[in-house]
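Heads up: numbering here begins at 1 and tracks the sequence.
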Amino acid sequence: MLLDHKTILAVLTLIVSSAGSHAAEDGDSIIAGLGWESDAAMVESVLKDVCKSVDVANASPVQFPLASDTEQHFRCEDMALPGGSIAKAVFVVADDRLKMAELRGGAVNALVYPGLETQMRYLEYDVYNQASLFVDRKTDTAWLLSVEALHPNLFTWSNPYLDDDQADIPEYDASAATPSLFEPGGELNTLLPIFEAACPLMNVETIKQPWLATNPDAQSQVNCFGYVYAGFPRKIEAVFGDDELELIWILTGKQEEDRVRNALIDAFGAPEMTNDKWDVFSSGRVALRKDKPEVLVISEKLVSYYWEQFQAE
């Protein structure tokens with residue numbers, strides 16, 4: 001079953017509320033005794049016990065969406081776990097808290113134990129443990145995710161610190177200019193080849209209950225993964241009404257809000273409206289959402305619909 005990002009979050013919320021606890025709760029053991037509240041010292045200590053070697057990289061500049069001030073990558077070689085060995089892994093610690101890990105080479109055998117039930121199938125991933133474990137069997141790679149890491153779809157990001165050559169860690173383009181993919185009014189069939197060329201991973205879904213303010217008869221969404229925007233590879237949700245592109249959502253992290261805002265100011269100037277929920281730019285065509293970390297870009301004909309919403313918050 002193919003499920004979209006919002007459905008995954010809905011399923012996760014349902015499981016958490018019904019079960020009362022789950023593997024991704026803060027403080028629970030995720031792997032080797034580490035949990036999402038583990039600090040850098042704990043991560044390094046535990047990894048030194050289970051890995052043949054551990055290297056620590058302090059990223060500068062900070063680019064990780066779940067990091068405000070500090071970003072550390074703990075690279076582990078030959079990780080020994082009860083389920084088997086893993087060739088290499090990188091654990092990401094942001095602001096002194098473990099947020100996610102990517103593990104490659106033996107990951108499927110070590111982490112997907114007999115009897116572990118697949119929760120869902122999403123894109124090319126098998127999803128387990130209330131969406132805290134994503135597995136790509138073709139590449140024998142697994143992602144362990146905190147709940148925060150699920151929102152920006154960090155399982156679609158391949159950590160460059162996993163690569164053997166550490167001399168060329170990318171510094172992603174910090175621009176928050178409107179993505180070239182956004183062509184308001186463009187037809188879905190015309191724009192699909194452009195999305196396919198620009199998005200490392202992509203899918204198209206039909207929205208069963210259209211919600212666009214223009215009240216289209218049909219609504220669809222192109223999900224573009226890995227598009228670099230405002231300093232990191234992002235998921236872009238491009239929404240079409242009656243096959244015409246109307247808006248895009250660009251998923252971000254709460255901890256990087258100041259960086260994203262500054263990038264928007266560089267691109268569009270000071271916000272023209274600001275309140276607890278929104279910073280609005282470009283005469284209402286671009287907005288930074290603050291209650292849920294995202295950037296909204298809309299077509300000109302949607303500005304009047306959204307302007308009242310921006311003011312009401």
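Minimum interatomic distance between C224 and L181 (heavy atoms only, all atoms of both residues): SG-CD1, 4.0 Å. Here the shortest heavy-atom pairing between R104 and S158 reads NH2-OG, 3.1 Å. In terms of heavy atoms, A32 sits closest to V46 at O-CG1, 3.3 Å. The shortest heavy-atom contact between A57 and Y161 is CB-CE2, 3.4 Å. When all heavy atoms of L162 and K88 are compared, the pair lying nearest together is O-NZ, 3.3 Å. Contact between A67 and V62 at its shortest, heavy atoms only, is CB-CG1, 3.7 Å.
Comment: K138 does not engage E124 in a salt bridge, judged by the lack of any side-chain N to carboxylate O separation of less than 4.0 angstrom. Between K290 and D276 there is no salt bridge, since none of the side-chain N atoms of the basic residue sits less than 4.0 Å from a carboxylate O of the acidic one. Salt-bridge annotation for K292 and E257: absent, with no side-chain N of the basic residue lying under 4.0 Å from a carboxylate O of the acidic one. Ion pairing between R75 and D164 holds under the 4.0 Å rule for side-chain N and carboxylate O.
Between the side chains of Q119 and N129, no donor N or O sits under 3.5 Å from an acceptor N or O. A side-chain donor-acceptor contact under 3.5 Å links S299 and E246. For the residue pair E148 / Q255, a side-chain donor-acceptor distance below 3.5 Å is found, with atom types taken as modelled. Using a 3.5 Å distance cut-off with no hydrogens or angles, the side chains of N58 and Q72 do pair a donor with an acceptor.
Side chain of D126 to backbone of R121: no donor-acceptor contact under 3.5 angstrom is found. Checked by atom type and distance alone, the side chain of S146 pairs as donor or acceptor with a backbone atom of A149 at under 3.5 Å. The closest donor-acceptor contact from the side chain of Q221 to the backbone of V239 lies at 3.5 Å or more, if one exists at all. Looking only at distances, no side-chain donor or acceptor of N153 sits under 3.5 Å from a matching main-chain atom of T156. Of the possible donor and acceptor atoms, one in the side chain of H151 sits under 3.5 Å from a partner among the backbone N and O of P293. Between the side chain of D96 and the main chain of A40, a donor-acceptor pair closer than 3.5 Å is present. With hydrogens and angles ignored, the 3.5 Å screen pairs no side-chain donor or acceptor of S282 with any backbone N or O of G284. The closest donor-acceptor contact from the side chain of D140 to the backbone of A107 lies under 3.5 Å.
For the pair R97 and W36, the minimum side-chain heavy-atom distance is 4.5 Å or more. Taking 4.5 Å as the limit, every side-chain heavy atom of L212 sits out of range of all side-chain heavy atoms of F240. Within the 4.5 Å cutoff, the side chain of P233 has heavy atoms near those of the V228 side chain. You'll find the side chain of P160 reaches within 4.5 Å of the side chain of I169, heavy atoms only. Side-chain contact between V43 and S38 is present, with at least one heavy-atom pair separated by less than 4.5 Å. In this structure, the side chains of Y229 and V295 come closer than 4.5 Å at one or more pairs of heavy atoms. Residues T178 and F268 meet the side-chain proximity criterion, which asks for heavy atoms closer than 4.5 Å. Contact check for V222 versus L188: side-chain heavy atoms found under the 4.5 Å cut-off.
If you take CG on D258 and OG on S68, they are separated by 6.5 Å, rounding to the nearest 0.5 Å. Residue L103 holds its CG atom at 6.0 Å from CG of L111, rounded to the nearest 0.5 Å. Taking CD of Q311 as the start and CG of N275 as the end, the distance is 9.5 Å to the nearest 0.5 Å. Here the CG-OG1 distance, from D242 to T214, works out to 7.0 Å after rounding to the nearest 0.5 Å. Rounded to the nearest 0.5 Å, atoms CG (N159) and OG1 (T141) are 11.5 Å apart. Considering CE of M202 and CG of N223, their distance stands at 9.0 Å, rounded to 0.5 Å.
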* Test side chain to side chain donor-acceptor pair (under 3.5 Å) applied to E205 and N203, step by step -> CA-CA 7 Å; E205 59 179 291; N203 76 331; 5.3 Å; no

* Derivation of the side-chain contact (heavy atoms from CB on, under 4.5 Å) call for L133 and V127 -> CA-CA 6 Å; L133 171 62; V127 185; over 6 Å; no

* To do: Could you go through the side-chain contact (heavy atoms from CB on, under 4.5 Å) check for R289 and W249 one step at a time?
  => CA-CA 10 Å; R289 185 174 178 178; W249 287 103; 3.9 Å; yes

* Which is it for E256 and R234 under the salt bridge (Lys or Arg N to Asp or Glu O under 4.0 Å) test, yes or no, and what are the steps along the way? -> CA-CA 13 Å; E256 63 173 344; R234 311 281 183 187; 2.5 Å; yes

* From CA spacing to verdict: side-chain contact (heavy atoms from CB on, under 4.5 Å), I31, M79 -> CA-CA 11 Å; I31 186 172; M79 186 177 194; 3.9 Å; yes

* Asked: side-chain contact (heavy atoms from CB on, under 4.5 Å) between E102 and H73: does it pass, once the steps are laid out?
  -> CA-CA 11 Å; E102 184 178 348; H73 299 262; over 6 Å; no

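Below 30°, between 30° and 60°, or above 60°: for F310 and W307 the angle between ring planes is above 60°, a perpendicular geometry. Classified by interplanar angle (parallel below 30°, tilted 30° to 60°, perpendicular above 60°), the ring pair F64/W157 is tilted.
For D136, the salt bridge (charged side-chain N to carboxylate O under 4.0 Å, His left out) test picks out no residue, with sequence neighbours left out. Scanning for ring-ring contact (aromatic ring centres under 6.0 Å, His included) contacts around Y125 gives W143, F155, with sequence neighbours left out.
Screening residues 180-203 for salt bridge (Lys or Arg N to Asp or Glu O under 4.0 Å) gives no qualifying pairs among residues at least two apart or on separate chains.
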